[in-house]
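Encoded as structure tokens, the structure appears first; notes follow it.
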Amino acid sequence: MRKEKFYLTTTLPYVNAEPHIGHALEFVQADAIVRYQKNKLGKENVFFNVGTDEHGLKIYQKAKEEGVSIQDFIDKYAQRFKDYCKLFFVEYDNFYRTSSEEHSIAAQKFWNACAEKGDIYKKKYGGLYCVGCERFLTEKELVDGKCPDHGTVPEYKEEENYFFRLSKYREPLLKWLDSNKGIIKPATCYDELRKIISEIEDISISRVKENLPWGIDVPDDPTQVFYVWFDALTNYVNVVGYSTDEDRLKEWWPAVQLFGPDNLRFQGAIWQGMLESAGLPHTKMLLRHGMVLGEDGRKMSKSLGNVVSPFVQEEKYGGEVVRFYLLAGISTFADSSYKESDLVNMYNARLANNYGNLLNRVIHLANAKEVEINNESTVETSFKERVDSYKKTITDLYDAYELSSACEQIDALADYGNKYITEKEPWSKDKTLEECGEILNNLSYLLKTVTELYSPIIPVSADKARNALEKREKIILFPTLDK
RNA sequence: CGCGGGGUAGAGCAGUGGAAGCUCGUUAGGCUCAUAACCUAAAGGUCGUCGGUUCGAGUCCGACCCCCGCAACCA
């Protein structure tokens with residue numbers, strides 16, 4: 001019997017700008033889910049893909065603007081994103097780059113698969129074209145009928161592009177969604193996605209190469225290149241062997257896909273249509289995380305001046321503390337504000353005062369009284385049952401991808417430990433050494449459990465805590481932060 | 001009437017018909033093993049507004065007000 005496999009992928013950030021706090025949220029959530037699954041299923045049965053989306057007009061333009069070669073430009077940003085992962089302890093199994101040779105080949109094979117299904121056709125497309133921008137503008141972008149960047153009136157121009165027959169999959173996709181209602185989180189997205197699918201039309205999937213040299217060549221048509229989304233989306237299957245290793249693909253795909261609010265259309269509708277066209281199974285689970293808003297509750301933007309820099313935050317508090325806040329403090333699926341005061345409060349309350357402090361209380365007392373701890377076999381049954389019932393609740397939450405709720409329950413378990421030690425008073429002179437030993441051994445089991453459950457969230461500190469507990473070394477893991 | 005989410009104690013949130021809750025913060029007391037940490041208790045809300053259904057509504061229905069996100073490439 002085949003062992004259960006777990007494959008999770010994030011979306012691939014588009015590398016035309018520096019990583020922002022939202023990327024951190026997605027990466028960190030993904031990493032926490034993956035670490036939990038690796039603990040549960042074993043590392044070899046879990047696969048974690050991240051990467052960067054490196055084609056398209058904006059990158060082409062940006063590189064030109066900066067006066068560097070496209071290759072240098074994308075290499076630099078891919079590296080920025082790799083470093084970014086390291087900053088927040090994100091350990092991916094693969095970093096996918098859409099500029100790679102293998103990606104081009106696989107994407108072309110994907111195209112051919114859709115073409116063989118009769119789902120790709122050529123069509124003339126007309127629109128307002130700005131010569132300065134070298135691209136079509138939408139009505140919305142225009143200011144007084146002029147291009148906002150160049151101040152010129154765009155001209156009507158026609159271009160012939162390839163289109164993907166997405167409309168053909170409208171009904172099949174609705175059917176799929178309706179018979180898989182639990183496939184998307186949060187559940188409130190279900191109606192939204194259903195509406196998106198019910199309104200999907202065919203989409204343009206290529207650009208004229210003359211206008212946009214930076215893209216993957218369309219098979220058998222040297223005048224056209226892939227529209228960036230159409231190649232980028234295929235990465236999720238390419239990375240696990242699409243077109244190169246059928247067995248491997250079957251072993252891993254479908255994946256759990258994590259993405260942001262603006263990506264519901266692409267991941268939930270377009271990509272699902274593409275999969276169906278190519279004869280591949282649909283995504284296993286669609287997780288749409290929330291948006292990190294500014295302290296004022298609005299979307300971060302330079303003009304509002306409410307942008308939180310992940311680099312400044314990391315420098316100030318350390319990657320793990322920021323990570324903890326993103327996972328425990330920021331709502332997992334709903335939009336929520338990033339507030340530094342909340343970060344400090346939550347860190348102090350949960351990690352420093354509750355968990356960290358309890359760890360020291362137990363280690364310190366165990367050493368002072370010279371009693372045995374870390375003996376699981378002698379933990380009091382009723383106490384163990386209590387701890388294990390918390391553990392069950394928490395692992396259920398992890399399995400449901402409810403990260404912030406899981407964190408809340410881990411905190412509740414540590415809190416139970418603090419109440420327990422206060423009530424039992426193992427430091428009291430009235431207690432025999434035997435009683436004291438039992439109380440502290442119970443608590444060491446609780447701490448071991450808390451540490452294990454926290455390890456997907458704060459992996460480095462969890463390691464240190466495990467070590468400290470085993471060696472009975474007193475350690476200030478989480479120094480209190482000033483407000 | 002573009003689509004969607006939301007308005008519950010100072011802050012952040014849970015709660016979808018039956019005695020208003022949680023965390024942080026605040027105040028008071030206790031403890032003293034511990035990172036001025038921990039424990040207990042208290043104060044603090046006419047659940048956006050108005051109307052309706054019901055024996056009973058934060059919870060259902062209607063209208064309205066306000067906030068936020070999205071609307072073919074910013075997670």
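Here is the naming used below: chain letters follow the sequence lines, and residue numbers restart at 1 for every chain.
Nearest to the side-chain atoms of Leu293(A) among the listed nucleotides C33(B), G69(B), C39(B) stands G69(B). Here the nucleotide nearest the side chain of Asn360(A), chosen from U35(B), C38(B), C24(B), is U35(B). Residue Asp415(A) places its side chain closer to C39(B) than to any other of C68(B), C13(B), C39(B). Side-chain proximity of Lys474(A) to A34(B), A72(B), G12(B): nearest is A34(B). The side chain of Arg207(A) approaches C73(B) more closely than any other nucleotide in the set A75(B), C73(B), C33(B). Across G25(B), C74(B), A72(B), the shortest atom-to-atom separation from the side chain of His20(A) is found for C74(B). Among the nucleotides C33(B), G12(B), C73(B), the one closest to the side chain of Trp427(A) is C33(B). Candidate nucleotides C70(B), C38(B), C73(B) were compared by shortest atom distance to the side chain of Met291(A), and C70(B) ranks first. The listed nucleotides are C3(B), G12(B), A75(B); the one nearest the side chain of Asn263(A) is A75(B).
Contacts of Lys369(A) with the nucleic acid, taken as non-hydrogen atoms under 4.0 Å apart, are absent. Counting any heavy atom pair closer than 4.0 Å across all strands shown, Val362(A) reaches no nucleic acid atom. Counting non-hydrogen atoms under 4.0 angstrom, Asp296(A) reaches nothing in the nucleic acid. Base engagement by Ile476(A) is indicated by at least one non-hydrogen atom pair under 4.0 Å involving a base atom. Across all strands, Phe478(A) comes closer than 4.0 Å to base atoms (heavy-atom distances). Heavy atoms of Ala349(A) sit under 4.0 angstrom from primed sugar atoms or phosphate atoms, though from no base atom. Using a 4.0 Å heavy-atom criterion, one finds that Ile203(A) contacts the bases of the nucleic acid, with or without backbone contacts as well. Across all strands shown, Lys419(A) has heavy atoms under 4.0 Å from sugar-phosphate atoms exclusively, and none from any base. Using a 4.0 Å heavy-atom criterion, one finds that Gly356(A) contacts the bases of the nucleic acid, with or without backbone contacts as well.
With hydrogens and angles ignored, a donor-acceptor pair closer than 3.5 Å exists between the side chain of Asn357(A) and the base of A34(B).
Atom CD1 in Ile475(A) sits roughly 20 Å away from atom P in A37(B) (whole-Å rounding). Distance Asp411(A) CG to A14(B) P: 17 Å, rounded to the nearest Å. One atom, CG of Leu440(A), and another, C1' of A34(B), lie 12 Å apart when rounded to the nearest Å. Rounded to whole Å, atom C1' of G15(B) lies 13 Å from atom CD of Glu408(A). To the nearest angstrom, C1' of G4(B) lies 17 Å from CZ of Phe333(A). We find that CG of Leu446(A) is positioned 16 Å from P of C38(B), with the value rounded to whole Å. Residue Gln267(A) contributes atom CD, which lies 14 Å from atom C1' of A72(B) at whole-angstrom precision. The separation between Phe81(A) atom CZ and A75(B) atom C1' is 10 Å, rounded to whole Å.
Nucleotide A36(B) is matched to nothing when pairs are restricted to Watson-Crick or G-U wobble geometry with both distances under 3.5 angstrom. The nucleotide U23(B) finds its pairing partner in A11(B), both defining distances of the Watson-Crick or G-U wobble pair being shorter than 3.5 Å. The nucleotide C74(B) finds no pairing partner, because no Watson-Crick or G-U wobble arrangement with both distances shorter than 3.5 Å includes it. Of the nucleotides present, C68(B) is the one that pairs with G4(B) by Watson-Crick or G-U wobble criteria, both distances under 3.5 Å. Across all strands shown, U49(B) is found opposite A63(B) as a Watson-Crick or G-U wobble partner, with both distances under 3.5 Å. Pair assignment for C31(B) gives none, since no Watson-Crick or G-U wobble pairing has each distance under 3.5 Å.
Under the 6.0 Å cut-off for aromatic ring centres, Tyr36(A) and Tyr398(A) qualify, their centroids lying closer than that. Taking the six-membered ring for Trp, Phe324(A) and Tyr347(A) have ring centres at least 6.0 Å apart.
If you take atom C1' in A19(B) and the same atom in U27(B), they sit 27 Å apart, rounded to whole Å. Spacing between A9(B) and G58(B) at atom C1', rounded to whole Å, works out to 14 Å. Rounded to the nearest Å, the gap between the P atom of A42(B) and that of A34(B) is 29 Å. Separation of the P atoms belonging to C3(B) and G15(B) is 26 Å when rounded to the nearest angstrom. Using atom P as the reference point in both U53(B) and G12(B), the two lie 35 Å apart (nearest Å). The same atom, C1', is picked in C31(B) and in G45(B); the two are 32 Å apart, to the nearest Å. Nucleotides C1(B) and C47(B), compared at atom P, are 34 Å apart to the nearest Å. Atom name C1', nucleotides C70(B) and A75(B): the rounded distance is 13 Å, in whole Å.
Under the 6.0 Å distance and 45° angle rule, Arg386(A) counts as a cation-pi partner of Tyr416(A). At least one test fails for Arg323(A) against the ring of Phe88(A): distance under 6.0 Å to the centre or angle within 45° of the axis.
Salt-bridge formation is detected for the pair Lys195(A)/Glu199(A): a Lys NZ or Arg NE/NH1/NH2 atom is positioned less than 4.0 Å from an Asp or Glu carboxylate oxygen. Checked for salt-bridge contact, Asp463(A) and Arg466(A) meet the test: a charged N lies under 4.0 Å from a carboxylate O. With respect to the salt-bridge test (charged N to carboxylate O, under 4.0 angstrom), the residues Arg350(A) and Asp415(A) do not qualify. Between Lys58(A) and Glu65(A), no side-chain nitrogen of the basic residue sits less than 4.0 Å from a carboxylate oxygen of the acidic one, so the salt-bridge criterion is not met.
Between Arg298(A) and the phosphate of C68(B), there is a side-chain N or O to OP1/OP2 separation shorter than 4.0 Å. Within the structure, every side-chain polar atom (N or O) of His364(A) is placed at least 4.0 Å from both OP1 and OP2 of C33(B). Residue Asn353(A) places at least one side-chain N or O closer than 4.0 Å to OP1 or OP2 of C38(B). Here His23(A) reaches the OP1 or OP2 of A75(B): one of its side-chain N or O atoms lies under 4.0 Å away. Contact annotation: Lys299(A) side-chain N/O to A75(B) OP1/OP2 distance is not under 4.0 Å.
When each of Lys122(A), Glu160(A), Gln224(A) is tested with Ser206(A) by the rule side-chain hydrogen bond (donor to acceptor under 3.5 Å, both in side chains), just one qualifies, namely Gln224(A).
To the nearest 0.5 angstrom, Asp202(A) atom CG is 9.0 Å from Asp119(A) atom CG.
Looking at which nucleotide of RNA chain B each of Ile270(A) and Lys195(A) is closest to, the 5′-most match is held by Lys195(A).
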